[in-house]
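For clarity, every value in this text was computed on a predicted model and none was experimentally measured.
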Amino acid sequence: MNNEQLLDLVKQMTLEEKTAQLLQLTANFYEGTNVEGQITGPMEEMGITEQSVDASGSILGLSGAQAIIDVQQAYMKKSRLGIPLLFMADVVHGFKTIFPIPLAIGCSWDTELAEKSAEIAARESAVSGLHVTFAPMVDLVRDPRWGRVMETTGEDPYLNSLFAAAFVRGYQGDSLKDEPDRLAACVKHFAAYGAAEGGRDYNTVDMSERNLREYYLPAYKAALDAGVEMVMTSFNTVDGIPASGNEKLMRGILRDEWGFDGVLISDWASIREMIAHGAAEDDREAAYRAIRAGVDMEMMTPCYVHHLPELIESGEVDEKLIDEAVLRILQLKEKLGLFDNPLRAADPEREREIVFSKEHRQVSYELATKSAVLLKNDDSVLPLQPDANVALIGPFAQSPDILGWWSCEGVKEDAVKLGTALQERLTGGKVQFAQGSNVHTITAEQIAEALEVASKADLIVLALGEDSEMSGEGGSRTDIRLPAAQLELVKQLKAAGKPIASVIFNGRPLDLHGVIDESDAVLEAWFPGSEGGAAIADVLTGVVNPSARLTMSFPQSVGQIPVYYNHFNTGRPLNPEKMEERYVSKYIDSPNEPLLPFGYGLSYTSFSYGDLEVSSNEMTAEESLSIQVRVTNTGERAGVETVQLYVRDVTGEVVRPMRELKGYVKLALAPGESGTATFTLNEEQLRYHHSDLSYRSDRGEFHILVGANSRDTQKKSFRLV
């Protein structure tokens, strides 16, 4: 259908049909889903009529090719105008083949592989009948207490923007209609959900518009520039107004300023939640505020279907707002080719061939190897030697709970376990197991068994972490250390006097005290996905040389939070050489700096940096600077070094961060080999939002900082003239 035909279709729809098209419900409302208690119970609870269900626009959370075929066919038989359903789901980091969590993917600094992971997730989802994924989540996060930090790619707006665009390209491809094995992507959560106060999910967000534009909006804009088809509103308030009723945010910035003409959907029940926020008196006012803000689709509350018709009849809402929303939904269905083929790519036979295929699991494995960050490696305890006699101890030694919170159709029992994989690889050595502790509890018998196994080994590998319920949505924590039971296990095994290599499975940056000082080596595995055990075993044994770099700072303690690399200076900055000074900006019981900085990660080899070279000590608006540094692999193994470029604007009309990431180069170097990291820096990259929100640069002095992470850098200066 062309746009004129779609407009004509809107004209043929009754007002009730149009408002129903804006309604999204879960699968148990529909015929053909075989869900116990379907239709009657949920309809009564929400006050939804059968007519509204029969005319509704989309389904949330159903998957499986045959199930979706059955529901779509039953629905189309009842559809007066032949408008098909949209099927959507949270395919966050894989459908059935689960990839590492997005925070881990960010640590790969590999946007091409990230894009590939989204393409595979789309292929598996589409053949299973889905049309839209509620991903990517591009919220910038500086607070690891927030459980949904596992869905982000980190604390930096530049890097988050690169990954946002990569994920959108992976999900959507070049043409949804011509590539039925792709999905429409839905970027979320607009806006600034990751800045919830106290790291508490769904909590208040309050910041200046300048701060919002400078740090939190760029990744959403990058997703829009990459062509994302949908945007999801966030649960939080922005400037005192819930996002789902925030006209300035949704109509003003998203639609008018940025020109977004795709579908805007509320998050689960967030329109009705305006009542609890105190921004709407009842469902009627919530519907009024949301439609005026430009929200096209209401997820799992009936405010629109109950109240939009009367709001239109009373003249409080112009019907053209409904028509615009319906048209955008129909346009998305047309882009997906659903009017021509309502079943699209759903195919039970192909589903059996494609989903969780060996080829897909191989990419999951590769991404997991590139996402694991080596945090410590004293005395080269890692990699393990082929003939090593290893005691593998801890609650994650043989745990399948390594997929993470948002694992869609992933099955824990399908995940490759660390112990199984490690045993297969150490063919010349020996792996002995002990539980040591559970995730949250420990017994005297478990300690005794662990000490007995450790006494017979040359080295202890501790498999520790959070279970998947400890992060994800609703998974906020005030204490981000490992559970006390696991810290007690570390303490007991430290006394055994054997070298300890700790592997951490988790969904957030942790306070690692009680582990990092007690361990000789620490490997951050995150939740690594379906092939996680194999990937981590290959990193531990040196089949793979770790190359990942942190995209979120690890704090010294929860009391430091938020702690992030691109912070401002203060009027009384701390001089590291005068730590005894009191009246400066510092803690009296902790360093200011994080335990581990943004961009940090170790390798099994070593790299040395030559002198930093800059083409000129002046930059103009017309002429860029060329920046180079020579890097040499000084170790005995091939490895990858991620050379990072940061810039500091020394004096601005608005205070500028101590450093900001502007680029990076990954150099793969053989032992003894040298390579040159080359960057180009131009005036546009120096622009920022001023106090009047204009976006421009300031003349004056700038620092160029290049190195292996945000802390350890060389510096040169130039002036923008």
Side-chain angles (χ1 to χ4, degrees), residues 102-115 136-142 149 151-169 187 191-192 194-195 207 210-226 228 258 548-553 562-568 594 597-601 619 624-625 627 642-649 652 654-666 677-689 695-698 702-711 713 720:
L103 183 57
I105 293 175
C107 292
S108 73
W109 296 56
D110 191 330
T111 54
E112 289 186 12
L113 205 52
E115 182 177 335
M137 190 195 96
V138 301
D139 301 332
L140 183 141
V141 187
R142 294 169 168 173
V149 65
E151 292 179 68
T152 184
T153 49
E155 68 186 39
D156 181 72
Y158 168 75
L159 201 58
N160 284 358
S161 296
L162 295 181
F163 277 105
F167 285 131
V168 170
R169 290 193 302 269
V187 69
M207 66 177 66
R210 201 201 68 80
N211 197 40
L212 180 72
R213 287 179 177 274
E214 191 74 8
Y215 300 103
Y216 291 88
L217 294 189
Y220 306 113
K221 182 61 164 58
L224 263 63
D225 290 343
V228 75
W258 289 356
R549 301 291 183 264
L550 296 178
T551 56
M552 276 192 76
S553 307
V563 59
Y564 48 93
Y565 90 92
N566 48 353
H567 59 84
F568 293 162
F598 176 89
Y600 177 84
M619 178 194 285
S624 303
L625 294 183
I627 301 159
T642 302
V643 185
Q644 300 159 38
L645 167 68
Y646 299 88
V647 170
R648 182 188 178 193
D649 184 347
V654 171
V655 172
R656 304 302 299 137
M658 294 297 287
R659 55 191 64 200
E660 298 176 276
L661 183 69
K662 297 296 182 182
Y664 64 93
V665 173
K666 296 168 80 79
T678 301
F679 304 93
T680 300
L681 186 69
N682 59 44
E683 179 270 335
E684 187 176 346
Q685 292 171 278
L686 307 180
R687 298 175 189 175
Y688 68 94
H689 292 90
Y695 191 66
R696 52 192 168 84
S697 59
D698 290 325
F702 290 79
H703 293 164
I704 291 170
L705 306 113
V706 175
N709 56 67
S710 61
R711 180 188 64 197
T713 55
L720 177 63

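Under the side chain to side chain contact (heavy atoms under 4.5 Å, CB included) rule, L705 has a single partner from R659, R711, Q644, which is R659. Between F167 and the choices L162, V187, T153, the side chain to side chain contact (heavy atoms under 4.5 Å, CB included) rule is met once, by T153.
Looking at V141 and T152, their side chains come closer than 4.5 Å, going by heavy atoms from C-beta outward. Here the side chains of T678 and V665 are not in contact, with every heavy-atom distance at 4.5 Å or above. Residues P136 and V168 meet the side-chain proximity criterion, which asks for heavy atoms closer than 4.5 Å. Annotation: side chain of M137 is not in contact with side chain of P102 (no heavy-atom distance under 4.5 Å). Proximity of D139 to Y216: side-chain heavy atoms (C-beta onward) are nowhere separated by under 4.5 Å. By the 4.5 Å heavy-atom criterion applied to side chains, N566 and Y215 are counted as neighbours. Put simply, the side chain of I627 reaches to within 4.5 Å of the side chain of I704, judged on heavy atoms. Side-chain contact check for L645 versus L661: every heavy-atom pair is 4.5 Å or farther apart.
Judged purely by atom type and a 3.5 angstrom limit, K662 uses its side chain to pair as donor or acceptor with the backbone of Q685.
Taking both residues in full, the closest heavy atoms of V706 and F679 are given as CG1-CE1, 4.4 Å, listed atom of the first, atom of the second, then distance. Residues N160 and L140 approach most closely at ND2-CA, 3.6 Å, considering heavy atoms. Scanning both residues, A165 and A222, for their nearest heavy atoms gives CB-O, 4.1 Å. Shortest non-hydrogen contact noted between K666 and T642 is NZ-OG1, 3.7 Å. Considering all non-hydrogen atoms of both residues, P597 and S710 come closest at CB-OG, 3.7 Å.
Distance CG/L103 to CD/E151: 11.0 Å, rounded to 0.5 Å. Taking CG from L550 and CE from M552, the interatomic distance works out to 10.0 Å, rounded to the nearest 0.5 Å. To the nearest 0.5 Å, atom CG of residue N682 and atom CG of residue L625 are 9.0 Å apart. Rounding to the nearest 0.5 Å places OH of Y600 at 15.5 Å from OG1 of T551.
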Criterion side-chain contact (heavy atoms from CB on, under 4.5 Å) on D698 and L720, from CA distance to verdict: CA-CA 8 Å; D698 290 325; L720 177 63; over 6 Å; no
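For A548, the side chain to side chain contact (heavy atoms under 4.5 Å, CB included) test picks out C107, V373, with sequence neighbours left out. For the ring pair (Phe, Tyr, Trp, His ring centres under 6.0 Å) test, no residue two or more places apart in sequence or in another chain qualifies with Y564. Shown here are the salt bridge (charged side-chain N to carboxylate O under 4.0 Å, His left out) partners of R549, two or more places apart in sequence or in another chain: E641. Scanning for side chain to side chain contact (heavy atoms under 4.5 Å, CB included) contacts around V654 gives R210, Y688, S691, with sequence neighbours left out. Taking F702 as the reference, F718 meet the ring pair (Phe, Tyr, Trp, His ring centres under 6.0 Å) condition, with sequence neighbours excluded. The side chain to side chain donor-acceptor pair (under 3.5 Å) test applied to K221 returns D225, not counting sequence neighbours. Judged as a side chain to side chain donor-acceptor pair (under 3.5 Å), and not counting sequence neighbours, the contacts of S697 are E683. Scanning for side chain to side chain contact (heavy atoms under 4.5 Å, CB included) contacts around R213 gives E209, L217, I253, E257, H689, L693, with sequence neighbours left out. Partners of R656 by side chain to side chain donor-acceptor pair (under 3.5 Å), not counting sequence neighbours, listed by chain and number: E214, E660. By the ring pair (Phe, Tyr, Trp, His ring centres under 6.0 Å) test, Y565 pairs with F598, Y646, sequence neighbours left out. For M658, the side chain to side chain contact (heavy atoms under 4.5 Å, CB included) partners are H567, N569, R648, not counting sequence neighbours. Partners of T111 under the side chain to side chain donor-acceptor pair (under 3.5 Å) rule, at least two apart in sequence or in another chain, do not exist in this structure.
Salt bridge E115/R169: present, at least one basic N to carboxylate O contact under 4.0 Å.
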